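Here the structure is laid out as structure tokens; the discussion comes afterwards.
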Amino acid sequence: MKSETPTSFGDANGRLDLRSMREVLNEEWKERDRSRYTSLLEKNATELPPPPSLPTTEEEASGVSRRGFMKLMGGSAALAGLAACTKQPKELIVPYVKAPEEIVPGKPLFYATSRSFGGYAQGLLVESHMGRPTKVEGNPKHPASHGGTDSFSQASVLDLYDPDRNKQTLKQGRVSNFKAFAEELAAELAKSKAGQGVRILLPHSTSITEKRLCENILEAYPEAQLHVFDPCSAENEELGTEKLFGKPLQPVLHLDKADVIVSLDSDFLGWNPARPRYSEDFAKRRRVAEGADRNRFYAVDSVYSLTGAQADDRLPIRAGRVEAIARAMAAGLGLKTDVPELTEREASYLKAMISDLRKAGQKGLVTVGPHQSPIVHALGNLINAQLGSIGTTIDFIEPQLNGTAHAWEDFTQFCRDMHDGKVKVLLMLEVNPVYACPLTLRFEKGLKQVPFSAHLGRYLDETSTQCTWSLSGTHYLETWTDLKSFDGTVSIAQPLIAPLYDSKSPLELLSLIAGEEQPAFALVQDTWKARTGTAEDEDGFRRFWRTALHDGFIATTTAKPWKGLKASPAVLQEAYEDPKADFGLEVVFQPDMRVWDGEFANNPWLQEMPAPVSTLTWDNVITMSPATAKKYRIRLTEENVQARTRVRPRVQILELNIDNRKLVGPVLVLPGQPDDTVMVTLGGGRQTGAVAAGVGYNAATLRTAGDPWIQQGATVVQLNRWHSLALTQDHFPLQADGRNIIRDAALGQYKKMKDFPQQMGHVFDDEFTLYEGWDYSKGLQWGMVVDLNTCIGCSACVVACQAENNIPTVGKDEVLNGREMHWIRVDRYFEDIANGETRLHVMPMACVHCENAPCETVCPVGATMHSAEGLNMMVYNRCVGTRYCSNNCPYKVRRFNFYKYTDDETESLKLQRNPDVTVRLRGVMEKCTYCVQRLNLARIDAKVADRELEDGDVVVACQQACPTKAISFGNINDPHAKVTKLKQNPLNYTILEPLNTRARTSYLGKVRNPHPDLDPAARETLHFSHGPGGHHGEHAAPPPVVPDEAHSSSHTPSGHGH
Amino acid sequence: MSTEAKRDPDGQLPYVHGHTLGSVSDKIAGVTTLPMKKMPKFWYGGILIGITVLQVLFFAIYKLIVTGTGIWGLNVPVAWGFAIINFVWWIGIGHAGTLISAILFLFRQDWRMSIARFAEAMTLFAVVCAGLFPLLHVGRPWMVYWLFPYPNTMGMWPQFRSPLLWDVFAVSTYATVSIMFWFTGLVPDLATMRAKANALWIKRIYHGMSLGWTGAARHWHRYEIAYLLLAGLSTPLVLSVHSIVSLDFAVSNEPGWHTTIFPPYFVAGAIFAGFAMVLTFMIPVRAIYGMKDLLTERHLNNMCKVMLFSGLIVAYGYSMELFFGWYSASPFERFMVLNRLEGPLDWSYWALILCNVAVPQFLWSYKVRTNPLLVFIICQFISVGMWLERFVIVIISLHRDFLDSSWDMYAGTRWDWAMYIGTMGLFLTLVFIFIRTLPILAIFEMRELVHKSEHHDDEH
């Protein structure tokens, strides 16, 4: 990232220059104190003396006399003293988990708070080092988290320190102040007749205080209007329930209770406000090693989604076809409806699925993706009603979002009003419609007709630069609010740090519009004083408040599910039109799994996070299946099918055209993507932001407000332009040669041979070792187990590791050079299955901490050594950078600082760094340390408490972030530790055993549960031969490979790409 | 003295003919004592190119140290690239000299006398070029002295299990012994140069360097013993250096590196490459300085035989790599072989086979062996081929190893090439300074040859 004011504190030798550092810091603090002083003046002028430097007489105003000079000098001195004495406003925040009386230097504190994601609360615990929030974790008690997080939450802390943040109040690009804005706004509001022409544009939110303030505004200005702009609005869910039940409702899934889950294009593990929680629920039925009752998951997938990749049986079809599937399902379950003609594959898939659903009955669950039409939602939930699963696997609650369910329609009307000149005053809070609004609404042009417009946000973005006023907005860690989670549970979100800049929160701005500006703290407290009826009862309120802040949520607020819902089958009667055969290419829009709708586009951690499934970084692409690419005669270079021979793979740039709406972007051919459809993601093509600008295309050029998600009739124009894609992993034709990296079997096979992963490998016996090994049987011995059954490949661990371990980002160019720095990566393997479809396997891979570590023996300076606790350690100071260790690492998990990647010059970014982890220099090797800083902290804590370290005392960063709890970590010498028990499980295996590295990280073999009719290989008995005369463990020979697809047991991920 | 060269009993021409003891001295020393203005254009052109290209090296090193190893095409998994390839290549080239001086000396191969000096000088220069790479390829070159075991306040000691450390000792020992060996062989000639030098200051330099050599019988006696001892000391080094270098690879567990055949096969490759490089310089020098009578076709013939032989060992090495890839029954080894044969970088493997296996087969022909132009062309193939061999070993093995998820591609960047070509500039510069300042052939040994060729009839 570019630094705002580049200052280097190192001298020529790289040594820290304390003097210049102090100078810069003093400058910054002076500025901050001054701004605090002026803002205090605005707020309560009575408490403070007038600023002494203001001219009071004409004599002084006209020039500086000697007396005046003395006064000024005295005044400045007084001001300096004053600034130091200013009291912080008293806003109590309550520490969670560890609550020492005071801050202990070097010890982090954790506070519960919440972040809004699509408007819904994400329950978080934020780590604070000496008042600096450095790391975000999930709140173990919060219903939307249960301790897990997603990559967005993990990366959100970096946004706080983004040097690109909008730091000032600007009027038409010139520095102004908030007071001037408030005055001008008051004048504008007074001018309007009861708020006529006053419009406020908000993102989707569940904030109760926001709702209250909006009501206040409407009370004060009855003619004013509030609109919601959310480019990822999931309103179709509610519109579908409105169609079915007569009122808009919000579904709450109970994935752990479902024996059969059917996803109709629903990416509930990726695109859902309850993402971490649903991931956990989903994983609960997959922990085979812990005796879970494995359920079956059917995914009808119109893109290669994170969720679809987890399916036991996946049907890739285009999004427009999903309604046909839904109707056929309904018909199969005895509902009368118009059934379209099905292909053979669809029919057999449906036959299996329906028989399973019938068996499951009320333990079946159908869930529909937010981008599917309301009709599909209605059909899906009608099937749920038919199965009787409403109340068991799915509940419906009142919609939690503020504002209308018809957000797009309402927004379209608003745009029309703008063009008609009906909008006189427009306030936009934390939305970026100039960037994200479909071009068909010509938002930017409409905005020019608005005489007074203001934008509040964290960035000077596409929208704020077009507005009269641009106001600096707070980060969620800087302000108070109250949010509801997916199940209605309310969280009171507390700040961890005073605003770094002169920023306002949306609540504060809303209160200003409503009449009087109040701090967010007071606003939220007022709401809850009224709600709890404790306005008079100070003690009662304090108790409530402290509990709510401590827990991070208010337990009693969980929404009650609707009982006795009556589904109206009218939807079945709606005629179904099968799209004509030549509908052209279908385009499906999806929020990007890295940068969402562009909200995180300026976050380099997320830009560099390899997207699940495609492993793409720093870009968005038009994703196309190999067959479709052939059909449209895309000039297939080798790179298009990812069997790459160039250092920098290049792909063709295409132009998609629907009714003269155009989108130009690079094509990525991805196996497993359905045919005749392409996926286009939001979040690219930003024009502002040092990180975001120029990355990818903007999908808004092709979208329409009427059909924001699925468009048909696209034509493809091939441009003679090429583009390099920074993929971290290529899709090589995988070798079906017995590498046995991923070991999986069907449930039936597993039941007959529980230790199939071990049977597939070859464990070295100690007796073949020439030298006596080190005795690891004593003391603490760290180890990790990753459950491949529950890992969904969401990559939260990747970002969590980056945040915890001060891992730098390297930028697109260096990712193209193959130098990404992630200590943990999520390996992705495609496996060919019948019908030209693919199965996806993911495998998190970090340093496995080999007991016989190949890296250690080859380092000439002993910079990588083994600890007595079994850690493979890096001594950065000693490393000269021969990179021999990386060459000798079979897992290739070592990362080298080819350049000075760490930005140690940008002031604000320094605040994010974890003080317990060294920042690495140029020219040294680094890699996963098993979060040694956390191990040491836990060891010290145990020692201080004079007790043995117990299981659960240490939670490493990837483990803590994992929403499905797929990662277990602990002392493998502790017989009661979870990790030890899992290591003894028959499913436990380590990869590349023939090398005898004795890795401390092992994996649990994957047990799939396909319907035997759909995967005949699942019926076969597993058989592994260990060579002539050999017994298990003696030979390094691979199990024989059966190249014939139909007979191959599924353990050999085989190739494609040609 | 006859104008017609006498043939030896096998019907071969002598290694030197048409010379008297005096004319040999005059001819060889004449190159050095020639006034600057009379130096041939070839020399001026050569050193101009050398120094120009040397600037490329300086700039590449500057850029490397200022910016970082990232200017090269390295990545993870291919964490070693051109630097290591070039290191091994130059070290290989540096093998011929000591082999010719030491081993052939011990085997009493008289024909070595004509080429020994030149080959030894080249060895030294090649080792200088090679030595640059391991020093500069590390991430923090300013810390590279940590590889040496020296007492320090950090209480740190190198890690002796690492083959890179063995390299440090192997290469530095080799360089030291080679310098000593070379210098010892130079002493009698330096005394000759002292006598022939035109200017006083030059005379003084030669005087100092010749260590008071008077040509006394006692001096000659001491000299012979010292030289023999040094030859004995150097001989195991010829085998050890490249064996140790090969252990950098063989000790690792990387498919394509983890091979027991590497030490002998690397030594053979080094001799192969070294002879090719000696011929590459010898052929133009003998043409331009008119030394066809001192560096005869018989020399070419013998050297080509050595090349053909070492080339066949190398070819055997290649075939064994393929065989053991299959025979290991390890999926990784098998894949490695297939990836060489038909992977994305297969061109380098097939080009290697062309250069190192196919083209040298022409050397079976006597006519080819004694045709300087053809030999010169074949030597170029071999030099390229040996570079490709290291490319295949380093890059193809690394870029696709155990976990398919880590596979990547590799290509050298312009800075990789700049470093490589830059060291050629360094080499050229050193060679042309050598040609100008020291006798490129061992004068006294040539005189010995003249003596022998005149008197071999008497011996029978």
Side-chain angles (χ1 to χ4, degrees), chain A residues 643-649 729-730 732 734-735 737-739 741 814 817-820 825 827-829 843 845 854 856-863 878-884 886-888 890-892 894-900 921-925 991-992 994-995 997 1027 1036-1038, chain B residues 67-80 134 137-141 143-144 146-147 154 156-168 248 251-254 257 328-332 334-335 338 343-345 394 397-398 400-411:
Chain A
R644 155 182 170 207
T645 54
R646 282 169 193 256
V647 173
R648 289 170 172 243
Q729 195 183 330
D730 294 312
F732 290 108
L734 291 183
Q735 301 304 306
D737 56 5
R739 292 178 186 232
I741 297 164
E814 285 292 277
N817 284 340
R819 296 167 180 173
E820 62 276 2
R825 57 175 203 254
D827 284 352
R828 169 217 62 187
Y829 299 97
M843 177 180 247
M845 177 61 69
E856 288 168 12
T857 50
V858 297
C859 176
V861 292
R878 180 66 176 167
C879 179
V880 298
T882 66
R883 306 182 295 283
Y884 199 172
S886 170
N887 287 343
N888 212 26
Y891 311 91
K892 291 288 176 280
R894 290 180 156 261
R895 297 286 179 257
F896 188 67
N897 288 278
F898 287 97
Y899 291 118
K900 178 169 162 276
L921 292 167
R922 182 188 119 193
V924 300
M925 194 59 81
I991 58 170
L992 306 180
L995 296 173
T997 55
Chain B
T67 332
T69 339
I71 60 169
W72 294 344
L74 302 170
N75 54 39
V76 175
V78 190
W80 281 357
H137 100 287
V138 299
R140 303 199 286 169
M143 298 297 188
V144 85
W146 284 352
L147 264 75
M154 299 182 288
M156 296 299 294
W157 204 238
Q159 206 272 102
F160 282 88
R161 289 180 300 172
S162 170
L164 285 189
L165 198 70
W166 311 342
D167 261 5
V168 170
D248 285 350
V251 163
S252 84
N253 59 16
E254 190 76 7
W257 288 11
S328 69
S330 154
F332 310 112
R334 284 186 183 180
F335 174 77
L338 287 177
L345 294 168
V394 175
S397 307
L398 281 175
R400 292 182 166 190
D401 65 348
F402 294 99
L403 294 187
D404 325 31
S405 59
S406 300
W407 292 356
D408 212 319
M409 281 298 292
Y410 173 87

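Just so you know, these numbers use all the heavy atoms, side chains as well, and skip hydrogens, waters and symmetry mates. Because the structure is predicted, anything quoted here is derived from the model rather than measured. Letters go in sequence order (proteins before strands), and every chain restarts at 1.
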Considering all heavy atoms of both residues, which atom of A/Asn888 and which atom of A/Pro890 are nearest to each other, and what is their separation?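 Scanning both residues, the minimum pair turns out to be O-CD, 3.3 Å.
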
Nearest atoms (heavy-atom pairs only) where B/Asp401 meets A/Lys892: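 Shortest heavy-atom separation between B/Asp401 and A/Lys892 comes out as OD2-NZ, 2.8 Å.
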
I need the residue from [options] with the largest number of non-hydrogen atom pairs under 4.5 Å to chain B.
options	answer
A/Cys859, A/Gly818, A/Gly881, A/Pro860	A/Pro860
A/Cys879, A/Ala863, A/Ser886	A/Cys879
A/Arg895, A/Lys900, A/Arg825	A/Arg825
A/Arg894, A/Met925, A/Arg883	A/Arg883
A/Asn817, A/Ile991, A/Thr882, A/Asn887	A/Asn887

Contacting region of B/Trp257 [heavy-atom separation from chain A under 4.5 Å]: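 Contact with chain A: side chain only.
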
Determine the option with the most heavy-atom pairs under 4.5 angstrom with chain A, choosing from [options].
options	result
B/Ile71, B/Val144, B/Val76, B/Val78	B/Val76
B/Val251, B/Asp167, B/Leu147, B/Val168	B/Leu147
B/Ala411, B/Gly73, B/Pro77	B/Pro77
B/Ala79, B/Gly68, B/Ser252	B/Ala79

Show your working on side chain to side chain contact (heavy atoms under 4.5 Å, CB included) between A/Thr997 and A/Leu992 and close with a plain yes or no. CA-CA 8 Å; A/Thr997 55; A/Leu992 306 180; 5.8 Å; no

Check whether A/Arg878 gets within reach of chain B through its side chain, its backbone, both or neither, counting any heavy atom under 4.5 Å.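 For A/Arg878, backbone and side chain are both near chain B.
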
Relative to chain B, which segment of A/Met845 carries a heavy atom at a distance below 4.5 Å: side chain, backbone, both, or neither?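 It is the side chain, since no backbone atom gets that close.
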
With side chain to side chain contact (heavy atoms under 4.5 Å, CB included) as the test, would you mind laying out the steps for A/Gln729 and A/Asp827 before giving the verdict? CA-CA 8 Å; A/Gln729 195 183 330; A/Asp827 284 352; 4.2 Å; yes

When the aromatic ring centroids of A/Tyr884 and B/Trp166 are compared, is their separation below 6.0 Å?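 Judged by ring-centre distance (under 6.0 Å), A/Tyr884 and B/Trp166 do not meet the cut-off.
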
Should the ring pair B/Trp157 and B/Phe160 be called parallel, tilted or perpendicular, given that the plane angle runs from 0 to 90° and is split at 30 and 60?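 B/Trp157 vs B/Phe160 ring planes: tilted.
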
Show your working on ring-ring contact (aromatic ring centres under 6.0 Å, His included) between A/Phe896 and B/Trp72 and close with a plain yes or no. CA-CA 13 Å; A/Phe896 188 67; B/Trp72 294 344; over 10 Å; no

Indicate yes or no: at least one non-hydrogen side-chain atom of B/Thr67 is less than 4.5 angstrom from one of A/Tyr899.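 When only atoms from C-beta onward are counted, A/Tyr899 and B/Thr67 do touch, with a gap below 4.5 Å.
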
